[in-house]
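The structure appears right after this line, and notes come after that.
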Amino acid sequence: MNSLIENYALEMKDSNGAPTGHFFFDKDAAKAVSTEVVNTHMTFKDKLGAANFLESRFNDTFDHFDINKDKLIEVERMPQFLRYLIGNSLEINLQ
């Protein structure tokens with residue numbers, strides 16, 4: 001969770017521009033962490049295999065988790081997002 005917040009999440013700001021402590025993922029941030037997870041926790045013969053995998057699953061996964069249709073996903077839901085993306089496998093090493 002620390003890596004998700006420190007490296008990828010976007011912190012919302014209040015009307016005065018002060019940080020709120022609420023962290024979300026937009027589509028770009030979700031794609032970045034998804035790319036890292038697919039490349040480090042799944043085995044493909046080459047980078048094209050990983051790219052094709054992401055291309056085939058990412059948008060549907062993002063739409064599934066974007067329940068408010070506001071193009072944002074709460075940081076707390078990203079571990080489930082990543083497991084859903086890669087097929088809920090228990091054989092990977094998500095930490």
**Prompt:** Could you walk me through whether Arg57 and Leu85 pass the side chain to side chain contact (heavy atoms under 4.5 Å, CB included) check?
**Reply:** CA-CA 6 Å; Arg57 297 188 53 100; Leu85 174 73; 3.9 Å; yes
**Request:** Work out which heavy atom in Glu74 is nearest to a heavy atom in Phe24; give both atom names and the distance.
**Result:** CG-CE2, 3.6 Å
**Asked** Hey, does the side chain of Asn52 reach the backbone of Ser56 with a donor-acceptor pair shorter than 3.5 angstrom?
**Response** no
**Asked** Should Val33 and Val75 be regarded as members of a common hydrophobic cluster, given that ILVMFWY residues are connected when their side-chain heavy atoms come within less than 4.5 Å of each other, either directly or indirectly?
**Response** yes
**Prompt:** Any donor-acceptor pair under 3.5 Å linking the side chain of Asp70 with the backbone of Leu72?
**Reply:** yes
**Message:** For a quick test of reading the model, state the closest non-hydrogen atom pair linking Val38 to Ile86 and the distance between them.
**Reply:** CG2-CG2, 4.2 Å
**Beyond-backbone contact of Thr61 with Leu82, side-chain heavy atoms, under 4.5 angstrom** = no
**Item:** From CG (Leu54) to NZ (Lys31), nearest 0.5 Å
**Value:** 6.0 Å
**Request:** Check whether any side-chain N or O of Lys69 sits under 3.5 Å from a backbone N or O of Asp63 as a donor-acceptor pair, and report yes or no.
**Result:** yes
**Request:** With sequence neighbours left out, write down each residue that passes ring-ring contact (aromatic ring centres under 6.0 Å, His included) with His64, or none if nothing qualifies.
**Result:** Tyr84
**Separation between CG of Asp28 and CG of Asp26, rounded to the nearest 0.5 Å** = 5.0 Å
**Item:** Nearest atoms (heavy-atom pairs only) where Glu76 meets Met1
**Value:** CA-CE, 4.1 Å
**Request:** Given side chain to side chain contact (heavy atoms under 4.5 Å, CB included), test Phe58 with Thr35 step by step and report yes or no.
**Result:** CA-CA 9 Å; Phe58 178 78; Thr35 299; over 6 Å; no
Identify all side-chain donor-acceptor contacts of residues 4-13 below 3.5 Å with residues at least two apart in sequence or on another chain.
{"unit_1": "Asn7", "atom_1": "ND2", "unit_2": "Ser3", "atom_2": "O", "d": "3.4"}
{"unit_1": "Asn7", "atom_1": "ND2", "unit_2": "Ser3", "atom_2": "OG", "d": "3.0"}
{"unit_1": "Tyr8", "atom_1": "OH", "unit_2": "Glu36", "atom_2": "OE1", "d": "2.0"}
{"unit_1": "Glu11", "atom_1": "OE2", "unit_2": "Gly21", "atom_2": "N", "d": "2.8"}

**Message:** Quick check: do Phe62 and Phe81 have side-chain heavy atoms less than 4.5 Å from each other?
**Reply:** yes
**Message:** Restricting to side-chain contact (heavy atoms from CB on, under 4.5 Å), what partner residues turn up for Ile67, sequence neighbours left out?
**Reply:** Arg77
**Request:** Identify whether Met78 and Phe23 are in the same connected component of the hydrophobic contact network (ILVMFWY, side-chain heavy atoms under 4.5 Å).
**Result:** yes
